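Following: one structure in structure tokens, then a few remarks.
Order of the sequence lines fixes the chain letters, A, B, ..., with proteins taken first and strands second; residue numbering starts at 1 for each chain. Keep in mind the model is a prediction, meaning the values are calculated, not measured.
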There are 2 protein chains.
Amino acid sequence: MNRSPDELERLIELMARLPGLGPRSARRAVLSMVKKRQTLLEPLARALTEVAGSVRECVQCGNVGTAELCAICADLRRDAGLICVVEDVGDLWALERAAAFSGRYHVLGGVLSALDGVGPEELRLPRLAQRVADEGVREVILALNATVEGQTTAHYIADQLAGTGAKVTLLAQGVPVGGELDYLDDGTISAALRARKTLE
Amino acid sequence: MNRSPDELERLIELMARLPGLGPRSARRAVLSMVKKRQTLLEPLARALTEVAGSVRECVQCGNVGTAELCAICADLRRDAGLICVVEDVGDLWALERAAAFSGRYHVLGGVLSALDGVGPEELRLPRLAQRVADEGVREVILALNATVEGQTTAHYIADQLAGTGAKVTLLAQGVPVGGELDYLDDGTISAALRARKTLE
């Protein structure tokens, strides 16, 4: 027996599907929207409708944007000779937040996984080879997650790009900035040790 | 430097204002919407627009609904002689989930608080006195939170309703079902001890 109107129940049910929200917190979020009608509910409804109507995938890199080319691919100041391959748009955003990369991206939309039945044709892989050939790319940085699937995908891509003349690099592995050795896993410590550098 | 489109940034900013979501989790939620366009983003945009257009406050009790009277006030099977006073629509939903009350509600929209400048005129209090007089109410159950403000408000309402002939009751205080004494605060234990009952 729950007497909140059906429209609200439907909204709560949809909100509960978002990551980080469960049925209870979705209910609380919807209640807070209803209370802040002018400042939250209505702007949110407008913003969502606008995003649903305008957001699309960039035909070149797979980033989200509002035009055929995303803002990064359309930006002529970004180095077209440098492509950073990421699994996901979220990873692209994380790299952009770090503001340490001035090239362009290529979003795979996943990683190879025999277990989940994800083969090369499910990912944006053919387009990557084509971009490397067409755009005169000097370097492809594989910024994939340090998981087994991520690393498998990285090796697959490196194989595919062998012979194109583009250098293929990987993100460095090591101790995170501010990280404490005591809390790090053995794999990270071994990797950091193997990749040790001379103090200059 | 964040190159996600402005529409998305605006949506993330609005989502981050929901309780239980911060900037990071709002970003994650929006990303998941964009990925699940057909199953999540578009239905959510429609549901929100519908709620923004249809949801209103019940003129009688302050509950949310889609008509002048909410589903509970419009339901003739609910006992009109019994009114449960709650602070908030969320509390009403919690009571409805427990499915233990067959009367009607009255949502105050807050509690008296000298500190926050909330006086009787800021709450739906005059309407309560009027309902008790007009609808031949037998009993008013004060289901307010067990906080100082909640209890102050309860006493204020009891004073206001004195002489109307309606019985004014409070929710019982005691050990929660499944509660362990070791984890309960002293106030609850004292209250449960004072309100002890004979085992039948």
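B:Glu7 and B:Arg10 are not joined by a salt bridge, as no carboxylate oxygen comes within less than 4.0 angstrom of a charged side-chain nitrogen. Taking a cutoff of 4.0 Å between a charged side-chain nitrogen and a carboxylate oxygen, A:Arg27 and A:Glu13 do not qualify as a salt bridge. One finds a salt bridge joining B:Glu57 and B:Arg124 here, because a Lys/Arg side-chain nitrogen approaches an Asp/Glu carboxylate oxygen to under 4.0 Å. Between A:Arg78 and A:Glu96 a salt bridge is recorded (basic side-chain N to carboxylate O distance below 4.0 Å).
A continuous path of hydrophobic side-chain contacts links B:Leu41 to B:Ile12 [ILVMFWY only; heavy atoms under 4.5 Å].
The choice from A:Val30, A:Leu31, A:Leu48 that makes the most heavy-atom pairs within less than 4.5 Å of chain B is A:Leu48. Interface check for chain A: of the options B:Thr39, B:Thr49, B:Val55, B:Val89, the most heavy-atom pairs under 4.5 Å are formed by B:Val55. Your options are A:Arg37, A:Glu50, A:Met33, and the one with the most heavy-atom pairs under 4.5 Å with chain B is A:Arg37. Per-residue heavy-atom pair counts under 4.5 Å with chain B were compared for A:Met15, A:Lys36, A:Arg46, A:Glu42, and the maximum is reached by A:Met15. The candidate from B:Asp88, B:Leu21, B:Val51 with the greatest count of non-hydrogen atom pairs under 4.5 Å with chain A is B:Val51.
Using a 4.5 Å cut-off between heavy atoms, A:Val34 touches chain B through its side chain atoms alone. With a 4.5 Å cut-off on non-hydrogen atoms, A:Arg28 touches chain B through its backbone and its side chain both.
Of the N and O atoms on the side chains of A:Gln173 and A:Thr188, not one donor lies less than 3.5 Å from an acceptor on the other residue.
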